2 protein chains.
Amino acid sequence: MKNRPNEISKRERDCLITLEEESPRDFPMRLHQIAVSLKVKPPTALSVIRRLEKKGLAESRDGMVILTESGMRVAKSILLVHRTYEALLCQSGVSENSACYDAAEVDYIIPADDARLILKKIGNPKVCPHGKPIPEEE
Amino acid sequence: MKNRPNEISKRERDCLITLEEESPRDFPMRLHQIAVSLKVKPPTALSVIRRLEKKGLAESRDGMVILTESGMRVAKSILLVHRTYEALLCQSGVSENSACYDAAEVDYIIPADDARLILKKIGNPKVCPHGKPIPEEE
DNA sequence: TCATACATTAGTATCACACTAATGTTATTA
DNA sequence: TAATAACATTAGTGTGATACTAATGTATGA
């Protein structure tokens, strides 16, 4: 399915989250490392980066890649959804590992607004099952 | 993202649900009508049908299309997830229309097992917000 | 300076999605 | 019955995402 404008693919999602979680604040991440994290070859990772650049979510030069402000916002939003859904699943009886895997399949599709409402319904937990904080604002 | 084996795309999902909901019991649906429901041209609908056939989910001859046993099971499973997630969203305060739209974006991705556990957590409602029954067994 | 590590480009391939144009088939109707 | 309308089907094109190999460029450290 062709992505609608502003929509991201699973790979792009994985790349955003990798950058968000593995690159120290304001420090670029090497293309090579991104490729390793995504378990693809560097040219493949590069093409993902190029798509993120087109969408204004990342910037790169000489294999040094950083998220833009916009990219960070999107990543945060995905993490909000991810951790909320993960918490819901765990509260429902799904194992932590399954919950994490399954959450990654939908966290870039579910609207953040829906996640915020679900979060309230399940009792406003402050952290996901792994203990990571659930982002507050956008 | 290439679909893993046994995985279906959004279009295939829409097509399965269309067949499940619009074709009378054991009666085939016309390709033309499927195209209208999916809001695509007949050749496009045909290519979707062909993919479903390859996966053993549908059969067709001369534009007469029916779900296989397997296709019906998959459709039922998607509806279970759809209505469960829809119920969750509505209980959380999402409008009925948004809930339905948003549920269709993820109901073919979320595992039925997860949905069954969520269903229990939200109080085992018997119907979705539209009043349609939530399928029991698989 | 030379080697190595890495980025980048070029070229190929597959799959999902979607279209138009052309052609077949069938069934109704004038 | 012959013509037409309705629909299915095939062929051909195009785009975007994903992924690879092979070739080439570049820069840094030994």
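Predicted model only: the values in this text are computed from it and were never measured. Each chain gets a letter, A, B and so on, in the order the sequences are listed, and its residues count up from 1.
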Determine whether Ser23(A) and Ile66(A) satisfy the following criterion, side chain to side chain contact (heavy atoms under 4.5 Å, CB included), listing intermediate values before the conclusion. CA-CA 8 Å; Ser23(A) 81; Ile66(A) 49 170; 6.0 Å; no
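A side chain to side chain contact (heavy atoms under 4.5 Å, CB included) with Tyr108(B) is found for one member of His82(B), Arg13(B), Glu12(B) and no other, namely Arg13(B).
In this structure, the side chain of Glu53(B) engages the main chain of Ser60(B) through a donor-acceptor pair within 3.5 Å.
Here the side chain of Val40(A) is nearest to one of dA17(D), dA18(C), dA19(D), namely dA19(D). Picking from dA19(D), dA7(C), dA8(D) the nucleotide with the shortest atom distance to the side chain of Arg30(B) gives dA8(D). The side chain of Thr44(A) lies closest to dA19(D) when the candidates are dT9(D), dA18(C), dA19(D). In this structure, of dT9(C), dA17(D), dA7(C), it is dA7(C) that holds the atom nearest to the side chain of Leu31(A). In this structure, of dA7(C), dT9(D), dT9(C), it is dT9(C) that holds the atom nearest to the side chain of Leu46(A).
Distance NZ (Lys10(B)) to P (dA17(D)): 17 Å, rounded to an integer number of Å. Across the protein-nucleic acid pair, Leu38(B) atom CG and dC19(C) atom P stand 11 Å apart, rounded to whole Å. Per the geometry, CZ belonging to Arg61(A) stands 15 Å off P belonging to dA7(C), to the nearest Å. At whole-Å resolution of the value, NZ in Lys41(A) and C1' in dT8(C) are 16 Å apart. Separating the CZ atom of Arg11(B) from the C1' atom of dA16(C) is a distance of 11 Å, rounded to the nearest angstrom. As rounded to whole Å, 6 Å separates atom P of dA17(D) from atom CD of Glu12(A). Rounded to whole angstrom, the span from the CE atom of Met64(A) across to the C1' atom of dT8(C) amounts to 16 Å. Atom CE of Met29(B) and atom P of dA8(D) are 11 Å apart (whole Å).
Residue Leu57(B) holds its CG atom at 11.0 Å from CE of Met72(B), rounded to the nearest 0.5 Å.
Across all non-hydrogen atoms, the minimal contact from Pro135(A) to Leu80(A) is O-CD1, 3.3 Å.
Residues Pro43(B) and Val48(B) each lie close to DNA chain C; by heavy-atom proximity, the contact nearer the 5' end of the strand is made by Val48(B). When each of Asp62(A) and Lys54(A) is assigned the nucleotide of DNA chain D bearing its nearest heavy atom, the one mapping closer to the 5' terminus is Lys54(A).
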